[in-house]
Structure formats: structure tokens, C-alpha cells
Amino acid sequence: MVKELEKVDVVTVGAGWTGGIIAAEAAKEGLKVLSLERGKRRGTKNYQHVHDELKYALRYELMQDVTKETVTFRNRPNEKALPMRQMGSFLLGEHVGGAGTHWNGWTYRFMPYDFEIKSMTEERYGKAKLMEDKGYRFQDWGITYDELEPYFDKFEKTAGISGEDNPLGPERSDKYPNPPMVKTKSLKMFEKAAKELKYNPYMLPSANMSQEYTNPDGEKMGACQYCAFCERFACEYGAKATPEVTVIPTAEKTGNYEIRTDANVVEIIKDGNDKVKGVKFVDTVTKEEFIQPADVVVLTSYMLNNYKLLRVSDIGEQYDPKTEKGTLGRNYCYQTSGGATGFFDEQFNTFMGAGALGMTLDDFNGDNFDHTDLDFLHGGSMATTQTGARPILSNPVKAGTKSWGEDFKEESIKNFTRTISVAGQCATSPHKDNYLDIDDEYKDAYGLPLVKLTYNFTDQDRKRTKYLAEKSGEVLEKMGAKHVDVFGDLKDYDIVPYQSTHNTGGTVMGDDPKTSVVNSWLQHWDADNLFVVGAGNFAHNSGYNPTGTVGALAYRCAEGVIKYHKKPGRLEK
Amino acid sequence: MSDEKQFSRRDFLKTTGAATGGIIGGSLLGGFIGFNLNDGQSEQAEQNKTDGHSEGDKSTGGSLSDKTRVFFMTDEDFNVVEAAMERIFPESKVGPGAKELGAAYYLDGQLAGQWGSNAKEYMVGPFYEGLPTQGYQSNLTRAEYFMIGINKLKSEAKDKFDKAFDELDEKDMDAILQDFQDGKVDMGVPKKTATSSYFFTMLRAATLEGVYSDPVYRGNRNMGGWKMKQFPGHQHSYLELIESDEFQEIDPMPNFGM
Ligand SMILES: Cc1cc2nc3c(=O)[nH]c(=O)nc-3n(C[C@H](O)[C@H](O)[C@H](O)COP(=O)(O)OP(=O)(O)OC[C@H]3O[C@@H](n4cnc5c(N)ncnc54)[C@H](O)[C@@H]3O)c2cc1C
Ligand code: SF4
């Protein structure tokens with residue numbers, strides 16, 4: 001017998017950044033909020049002994065248990081998808097805080113161009129530039145940068161972003177709440193070289209606190225110690241903005257919020273044609289099943305499970321790449337890196353650093369440079385970062401060096417403190433053949449099908465990545481590197497080596513239900529009291545990390561949830 | 001515990017603001033206090049494990065000797081894998097190799113645990129041969145995979161040179177390992193089950209892990225891997241040093257060492 005629990009005002013699936021933001025805002029408004037989180041409770045006190053590269057960076061201690069759930073993957077629609085048996089290319093989150101616990105904290109705002117990429121491209125270059133005949137599917141997002149600006153500002157203040165003005169950046173209503181991080185020797189070298197090349201470098205906006213900080217909700221964070229165990233690790237100082245040091249305590253202190261851990265949601269329960277009634281979940285320990293009714297259901301379970309829960313609950317129409325009918329699963333995108341490594345004679349303190357310590361520039365991002373003679377759209381943010389090199393995973397050798405034996409050993413040891421990388425973090429183009437579906441063979445621990453990912457880099461992605469890699473190499477030459485290796489040639493997308501946890505699309509936002517899953521409030525087109533938020537809402541991926549924009553969308557979504565709860569119905573823009 | 005260490009801990013508490021009841025003081029200090037209580041003991045145990053001089057019989061009262069093994073049942077298998085790891089990361093001008101650093105003991109512990117039994121992976125069938133971009137698709141656990149690989153190292157040495165692998169000249173060991181890396185060795189099982197190149201990939205990765213992971217995992221003895229690489233291991237804070245243009249040489253610390 002499935003036990004039905006007492007109804008709440010709002011239920012979120014997951015308690016990461018998006019779930020935490022919805023919870024904090026709705027609970028502050030007096031709504032009773034419950035987050036169902038499949039993982040465990042954790043917080044700063046659990047992170048006092050995390051400086052262990054093997055356990056956290058290689059064995060993924062803080063991340064998703066893929067014995068229970070993973071995805072299947074193939075490069076092309078005509079291949080057989082097989083399970084991702086161990087994580088690699090992206091590192092999914094689990095437990096309270098989600099991937100927000102072990103992120104780096106590079107916190108960018110997407111550009112005005114991103115939200116209106118189709119119209120702006122048509123206007124500047126003509127319709128042919130969109131290359132729709134080649135399968136590209138750029139579209140506007142149904143919202144503009146100006147409309148999102150207040151939400152960006154809000155997220156940056158909640159998360160205490162340390163930063164300075166981007167000379168090429170869009171209008172801001174306010175400056176960053178904290179001054180930028182400090183400059184190290186390699187950052188200063190990058191800045192000087194970039195300026196000599198007439199570029200516009202600025203300090204990377206960082207969710208590592210440059211000083212002690214109290215956010216507008218009264219949450220206090222410590223000052224970053226540049227301890228160098230940040231990405232893939234959790235912060236023992238509460239100095240990295242994460243859900244568990246910001247929005248989750250904010251929600252909890254209202255007395256209106258609860259997190260139920262070990263609760264894996266398996267279904268959204270429909271209520272008639274245009275509503276949902278709540279969710280069904282399984283206690284991951286006892287395997288008991290429960291129904292949790294709610295006035296509003298918010299999917300905040302990362303883009304993969306946001307997609308999956310809609311699909312297995314039969315809400316919305318699955319996208320079919322042959323007919324291009326259906327919107328659910330469409331426009332899956334990712335991120336590429338085109339960069340270069342410079343080898344120097346002098347030594348740098350590469351083993352010190354912080355997750356988001358870096359300098360960056362946007363001269364080759366978005367439409368900041370002329371694309372008339374280029375056969376790709378968009379670009380990438382170029383950066384050098386000092387995130388803390390660690391010895392197992394950092395073994396830089398010049399291209400062509402054998403990967404083992406005496407030369408490898410001598411060279412990788414020497415270069416550990418003598419290399420600097422500069423890389424472009426590149427946008428990817430939405431293509432009709434890249435999409436999410438569900439697998440017909442492999443299942444998760446609860447008997448649900450795994451998400452099936454069909455993905456490969458597009459020609460545009462390859463050209464864009466190479467372009468950024470070459471530009472990165474030029475900067476390193478200018479910085480005085482004795483030798484530069486450029487990495488710009490993408491092969492087929494490979495799910496094994498880590499690239500980024502910047503998966504996007506599948507539940508795209510927009511103002512047309514024919515090409516989107518949710519409206520600009522992240523309200524599902526087919527169910528008024530169902531909201532879906534995360535990087536799945538992106539119609540393409542930009543040349544930046546996603547979470548600044550995800551956070552802004554979550555704040556907008558929270559406002560939508562509150563509006564809806566006051567006055568149920570379709571939210572108009 | 002030396003006075004010096006106590007001083008640096010106090011110093012550290014001062015700089016982070018934790019000592020003055022800093023905002024995360026509660027949990028942070030809690031962590032420290034709990035740690036202080038058994039600090040002496042854990043340091044002693046650490047030394048037993050890592051000083052590299054104790055012989056097996058020196059250990060008493062349940063502490064580990066540096067020769068303790070749990071996975072490899074025969075000296076032969078252990079010696080073969082240790083010799084192969086030493087070729088991947090040999091002793092050289094800059095310092096010790098995988099053998100002296102205990103990388104094979106690291107591997108022994110790993111193969112006996114979750115990693116060796118693929119307890120953290122999706123191991124649900126059916127198992128098909130995949131494309132390289134689809135990653136690990138074998139139905140074997142790593143422990144099984146390693147035993148196939150090690151047996152193959154042994155038989156290659158025997159077939160080609162009529163010797164035990166670990167008794168070969170360095171160049172002959174390298175030639176065999178190169179064949180493994182190039183996928184030229186027939187593992188005697190279907191390709192979807194195991195290939196020599198993937199075995200080599202795992203062996204290489206385990207070697208680097210064994211020389212560079214925290215000494216708690218039984219490799220990186222005396223933190224010799226870190227010392228060579230000038231990696232300071234676990235340090236609480238670089239706040240005072242991060243802006244310096246000078247290269248900093250810092251004595252390494254293990255995760256539970258301070
Ligand atoms: C190593 C790493 C570095 C990163 N660095 C950066 C960076 O520098 N800048 C940046 O912008 N982004 C970065 N990211 C990405 C960033 O972490 C994510 O964009 C962000 O955390 C997404 O938030 P979310 O709430 O959408 O999902 P998550 O944080 O993944 O939270 C989702 C939660 O839902 C839970 N959940 C999922 N399914 C279910 C279910 N069925 N039932 C119950 N609960 C469920 C999960 O357990 C999880 O806790 C990084 C990610 C990683 C892994
Ligand atoms: S680098 Fe800074 S923010 Fe990151 S874990 Fe260390 S102290 Fe925390």
C-alpha cells in the first residue's frame with residue numbers, strides 16, 4: 001500500500017541550488033515547503049577532512065551513486081546506447097546541496113545575446129547564418145537579459161559573488177557584493193599579456209568569498225583560504241557559496257521548511273489534464289513508497305532527472321529527431337574547452353588556489369566579435385585559472401611525450417609547477433540530432449528506464465573550439481611561455497574524460513509551446529502547478545558556466561511559484 | 001606532537017577567524033578538538049605505516065607493517081605487478097620510483113575494496129562491446145580484470161623471454177608493457193570482456209594514484225611522491241602566501257597530519 005502523506009504548499013524534488021532557492025523564497029513568504037532529496041544530509045561539519053585527492057576527486061565521494069542511477073549514451077541516433085557505468089565526462093550531484101556542494105563557483109551571467117540569439121543573429125547577419133538547413137536549431141529564450149537582471153543581482157548577493165566589472169559586460173543594476181579575489185603571479189601575467197593584445201581581462205566572478213560576508217538573508221560565510229581543494233571537494237570554512245550555507249538555512253529558519261532525505265521521487269502524479277497532484281517517492285533505505293500531495297510541484301532535480309520525471313510521468317510530448325515533433329528532450333547541449341598549455345622555466349605556486357580564482361575575458365565570446373567570415377555562431381570566455389593543481393590528476397607533459405616511464409616521470413614532475421593553461425570555455429550549438437530520450441533496455445534501482453543521451457559535437461562546435469584554442473595559445477606566447485601546446489581539435493564526444501558538469505537543454509523555456517516545455521516563469525505548458533527549473537531550460541549553452549543563470553532562473557521561478565500560489569492559473573509575462 | 005605543530009595550528013585558527021568564534025567556529029573547532037584527542041595515536045600509526053624501515057615482524061598489537069597485503073595471494077603476482085608499476089614510474093634522478101613508494105601496496109588495498117569489486121559502478125547487464133567513447137562496458141570487476149592482466153604479463157614474459165616478468169631486463173619489460181598499451185596482447189577473452197590496452201590504462205592510473213595519494217592509502221611512502229613534486233599535501237590555508245610571486249617550498253602534510 002502506498003501511503004499518502006499530508007499535503008504541503010510546495011514540494012521540490014531535490015535540495016541543490018535550484019531546490020534551495022525555491023524553498024528559501026517560498027518559505028519566507030509563509031508557504032509550507034518540503035524538499036524530497038534522494039541523498040543524505042550534510043554540511044560544513046562533514047567537510048573538516050576533505051583534503052584527500054583520491055577519495056574526493058577520483059572516487060567521487062560527494063557525488064551521485066551510479067549503482068542506482070546513471071544514463072545511457074551514444075554519439076549518433078543510429079548507434080546502440082550503452083550505460084555510463086562510471087562517471088567521467090560530468091559529475092552529477094547527490095545529497096543536500098547537490099552539485100552545488102562540490103562546484104568551483106565560477107559565476108557568470110549569460111549575455112543579452114544568449115537570450116535573443118536567433119533574432120539578433122538574423123538582424124545582424126541574415127537568416128542564413130542560423131544554418132537551419134544544416135540541422136542547427138537556435139531559438140530565443142522567451143525572456144530578455146533586462147527581464148532577468150534583477151534575478152541575477154539577487155543570486156549574486158545571496159551567493160556573495162566576489163568580482164569586478166566586466167569591461168564588455170552588459171548593464172548591471174549594482175556591483176558585485178564582494179571585491180574580487182587576489183591576483184597571483186600567473187593571473188598578473190595573463191592580465192598584462194591580454195592588455196598588450198588589446199583584450200579586456202577582468203577577475204573571474206567567484207563564489208569563493210574574498211572576505212567574510214553576510215548575505216541579505218543573514219547567512220554568514222567565511223573568507224576563502226585559497227586551500228586548493230575546492231572543485232570536487234566541499235569547503236571546510238563555509239567560504240564557498242553552496243546551498244547548505246545559504247538558501248537551505250534561510251529556508252529552515254522560517255520554520256516553514258523541511259527536507260526529507262533518502263527520498264527518491266519516481267513519478268509526478270497527474271490530476272486531470274492541466275494539473276498535477278503531487279509526487280510519488282521511494283524511501284531509499286526501507287523501499288517504502290509514499291505519495292506526497294502538494295499545491296505546487298517544482299522539479300529541481302538537475303536537468304537530467306527533470307527531463308526523466310516528466311517523461312516517465314507522461315507529461316508533455318517526447319521530441320523525435322526524425323519528425324522534429326515534440327519538445328521534451330530537445331536541444332540538449334554541452335560545453336567544450338579549447339585551450340593551450342604553456343611551459344615555463346620559472347616555478348609557480350600552482351598547488352595553491354581556489355575553485356574560482358582566475359582572470360577571464362569576453363573578447364571572443366557571444367557576438368562580441370564579428371562572425372561574418374566565420375562559419376559558427378557564438379564563442380567562449382577565455383580564462384586562466386589557479387584552482388589548485390593536485391598531483392594525481394595533474395601531470396603536464398609536452399605533446400608527444402610518452403605517457404609513462406622515466407621521461408614521463410621527470411617531465412611531469414618538473415612541469416607540475418611550471419605550466420599555465422589558458423582556455424576558452426565554449427558555447428555549443430543546438431542541433432536536431434542531439435537530444436534526450438529514455439532507454440528501452442536499462443533501468444535504475446527503482447525500475448524506471450535510464451535517460452538516454454544522444455550527443456556529438458557539431459561542426460560549429462569544432463570550429464568555435466579551435467578558434468578559441470588558437471587565441472588562447474597566442475596569449476600564452478605573449479605571456480612568455482617557452483613552449484605552447486594547443487588543444488583545439490575535437491574528436492567525437494567521449495563520455496569518459498571529465499569535461500564539465502554543464503549539461504543543458506531537454507526542458508527548454510520559451511514563449512511558444514511548439515518549441516519549448518516551460519514558459520518564462522518556468523511553468524510547464526501542460527500543467528499550471530508544475531514548474532521545472534535548471535540548466536535544462538537553456539535553449540543552447542553559452543560560453544560560460546551555467547549556475548549564475550540557473551540561479552537567476554530559480555529566483556524567477558520562485559516568484560512564479562509564489563504568484564501562482566496566491567492566484568492559481570497560467571502566469572502571463 | 002611537537003610545539004611547532006601546535007603553534008601552527010593556533011596560528012591558523014587566528015588567521016581564519018575561527019578562534020575568535022568565527023562563523024563556522026562551532027563545527028570547525030569541533031573537528032579540531034575531536035582530532036586533538038587521538039592525534040598522538042594516529043601519528044604513531046602513520047609512522048608505522050610509512051617509515052619504510054620496519055619489517056613485518058616489528059608490528060605488534062594490530063598495527064600494520066609496511067609489507068602487509070590483503071589482496072594478492074602469491075608473492076609471484078605481487079612481484080610482477082610491482083615490477084610493472086616500477087617501469088611505469090621508475091626510480092630516477094629526481095627520486096624514488098613506484099616500488100619504493102609502495103604503489104603496489106596501494107593497489108593491493110584498492111583491489112581488496114570497493115574499487116576492486118566495482119561497488120560504486122553501474123554493473124547491471126546486459127554487457128555489450130561498446131565504442132571507445134562509451135567507456136567501461138566489461139562485466140568484470142577490476143579485481144578480475146587485474147588478475148587476467150597480471151597472468152598475461154607473466155605468460156608474455158615466459159613465451160617471449162622464458163623468464164619471470166620481474167626478472168626481465170628493463171627494456172624487455174618495457175617492450176611487453178608497450179605491447180599491452182598498444183592493445184597488441186591477446187588477453188584470451190572476448191574483446192568486450194578485456195583488452196590489454198585497457199588493462200594498461202588501469203595499471204598506469206593505479207601507479208600514479210599509488211605514488212601520489214595520501215599516505216593513508218599505503219602508497220606515497222614518506223610522502224616521497226609529494227616531496228619530489230613539491231606538492232605540500234594538505235595545508236589548511238595559503239591565505240598568507242597566495243599573493244607571493246616567489247615559489248614556496250613547503251613541507252608536505254598528510255590529510256590527518258595536522
Ligand atoms: C565538479 C563540478 C564543478 C562545477 N563548477 C561550476 C562552476 O564553477 N560554475 C558553475 O556555474 N557551475 C559549476 N558546476 C555546475 C553546478 O554545480 C550546477 O549547475 C548546479 O549545482 C546545478 O544545480 P541544480 O539545483 O540544478 O542541480 P543539483 O545541484 O545537481 O541538485 C539536484 C538535487 O536533486 C537531487 N535529485 C535528483 N533526482 C532526484 C530524485 N529523483 N528524487 C529526489 N532527489 C533527486 C539530487 O540528489 C541533488 O541533490 C560544477 C559542477 C561540478 C560537478
Ligand atoms: S579554495 Fe576557498 S572556497 Fe574553496 S574550499 Fe578552499 S577555502 Fe573553501
Side-chain angles (χ1 to χ4, degrees), chain A residues 43-45 48-49 51-54 58-60 65-67 70 73-75 79-80 82-86 88 182-185 212 220-223 225-228 236-238 346-349 351-352 390-392 395 403-406 409-410 413 416-417 441-443 492-496, chain B residues 16-17 22-24 26-28 30-32 87-90 92-94 115 119-124 126 128 130-137 174 177 181 204 207-209 212-214 216-217 225-226 228-239 241-245 247-248 255-256:
Chain A
T44 306
K45 72 173 185 305
Q48 297 306 314
H49 298 288
H51 290 186
D52 178 338
E53 185 186 11
L54 183 76
L58 283 95
R59 303 286 190 259
Y60 311 141
D65 178 356
V66 293
T67 64
T70 182
F73 160 71
R74 59 185 177 180
N75 287 117
E79 293 166 1
K80 164 102 184 133
L82 294 177
M84 176 179 82
R85 297 190 179 277
Q86 53 203 37
V182 303
K183 282 178 196 163
T184 61
K185 187 178 182 183
E212 284 190 32
K220 291 182 184 341
M221 285 180 262
Q225 301 298 309
Y226 300 88
C227 81
E236 66 268 45
Y237 302 101
E346 63 199 293
Q347 285 185 285
F348 304 96
N349 295 313
F351 50 81
M352 305 177 188
R390 291 174 293 270
I392 304 174
N395 291 287
S403 67
W404 56 282
E406 186 166 336
K409 180 191 171 195
E410 295 278 322
I413 286 174
F416 181 65
T417 52
E441 186 156 19
Y442 294 95
K443 302 234 169 346
D492 279 350
Y493 169 63
D494 183 344
I495 201 147
V496 180
Chain B
T16 60
I23 50 162
I24 46 150
S27 64
L28 182 66
F32 272 109
R87 291 315 303 147
I88 289 171
F89 194 91
S92 66
K93 287 194 295 294
V94 69
W115 186 77
K120 292 178 83 176
E121 268 100 56
Y122 185 81
M123 293 300 282
V124 178
Y128 300 102
L131 295 167
T133 57
Q134 292 175 306
Y136 196 86
Q137 294 299 335
D174 287 359
L177 288 169
Q181 185 181 26
R204 176 186 177 274
T207 305
L208 292 177
E209 290 162 15
Y212 290 134
S213 54
D214 192 277
V216 74
Y217 300 106
W226 290 352
M228 270 188 290
K229 219 166 175 173
Q230 296 176 288
F231 176 68
H234 153 62
Q235 303 287 327
H236 284 296
S237 173
Y238 291 119
L239 188 58
L241 300 170
I242 185 76
E243 283 179 281
S244 167
D245 286 350
F247 183 71
Q248 303 291 322
N255 190 18
F256 279 87

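Every heavy atom of this structure was used, including side-chain atoms; hydrogens, water molecules and symmetry mates were not. Per chain, numbering begins at 1; letters A, B, ... match sequence-line order.
Ranking Val496(A), Asp52(A), Thr184(A) against chain B, the residue ahead of the rest is Asp52(A), based on heavy-atom pairs under 4.5 Å. Residue with the most contacts toward chain A among Ser244(B), Ser213(B), Pro90(B): Pro90(B) (heavy-atom pairs, distance under 4.5 Å). With chain B as partner, the option from Tyr493(A), Tyr442(A), Phe73(A) having the largest number of non-hydrogen pairs under 4.5 angstrom is Tyr442(A). Ranked by heavy-atom pairs under 4.5 Å with chain B, the first of Thr70(A), Leu82(A), Ile413(A) is Leu82(A).
A distance of 11.5 Å separates CE in Met123(B) from OG1 in Thr67(A), rounded to the nearest 0.5 Å. From Tyr217(B), atom OH reaches atom CG of Leu54(A) across 5.0 Å, with rounding to the nearest 0.5 Å. Taken to the nearest 0.5 Å, the OH atom of Tyr122(B) stands 8.5 Å off from the NZ atom of Lys443(A). Atom CD of Glu209(B) and atom CD of Glu53(A) lie 9.0 Å apart (nearest 0.5 Å). Taking CE of Met352(A) as the start and CG of Leu241(B) as the end, the distance is 4.5 Å to the nearest 0.5 Å. For the atom pair Trp226(B) CH2 and Arg390(A) CZ, the distance stands at 12.0 Å (nearest 0.5 Å).
Partners of Arg87(B) according to the salt bridge (Lys or Arg N to Asp or Glu O under 4.0 Å) rule, which considers only residues two or more places apart in sequence or in another chain, are Glu170(B), Asp174(B). Residues passing the side chain to side chain contact (heavy atoms under 4.5 Å, CB included) test with Val182(A) are Tyr226(A), Ile242(B), Glu243(B), sequence neighbours excluded.
Closest approach of Glu441(A) to Pro126(B), counting heavy atoms only: OE2-CG, 2.9 Å. The two residues Asn395(A) and Lys229(B) come nearest to each other via the heavy atoms OD1-NZ, 2.6 Å. Between Gln347(A) and Gln230(B), the shortest heavy-atom distance links the atoms NE2-OE1, 2.7 Å. Nearest heavy atom pair, residue Cys227(A) against residue Tyr238(B), reads O-CE1, 3.9 Å. Taking every heavy atom of both residues into account, Gln137(B) and Arg85(A) meet most closely at OE1-NE, 2.9 Å. Considering all non-hydrogen atoms of both residues, Gln235(B) and His51(A) come closest at O-CE1, 3.4 Å.
Side-chain contact annotation: Asp492(A) with Thr133(B), donor-acceptor N/O pair under 3.5 Å absent.
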When you look at Leu177(B) and Trp404(A), which way does the side chain to side chain contact (heavy atoms under 4.5 Å, CB included) test go after all the steps? CA-CA 10 Å; Leu177(B) 288 169; Trp404(A) 56 282; 3.6 Å; yes
Test side chain to side chain contact (heavy atoms under 4.5 Å, CB included) applied to Gln225(A) and His236(B), step by step: CA-CA 8 Å; Gln225(A) 301 298 309; His236(B) 284 296; over 6 Å; no
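The backbone N or O of Gln248(B) sits less than 3.5 Å from a side-chain atom of Asn349(A), completing a donor-acceptor pair.
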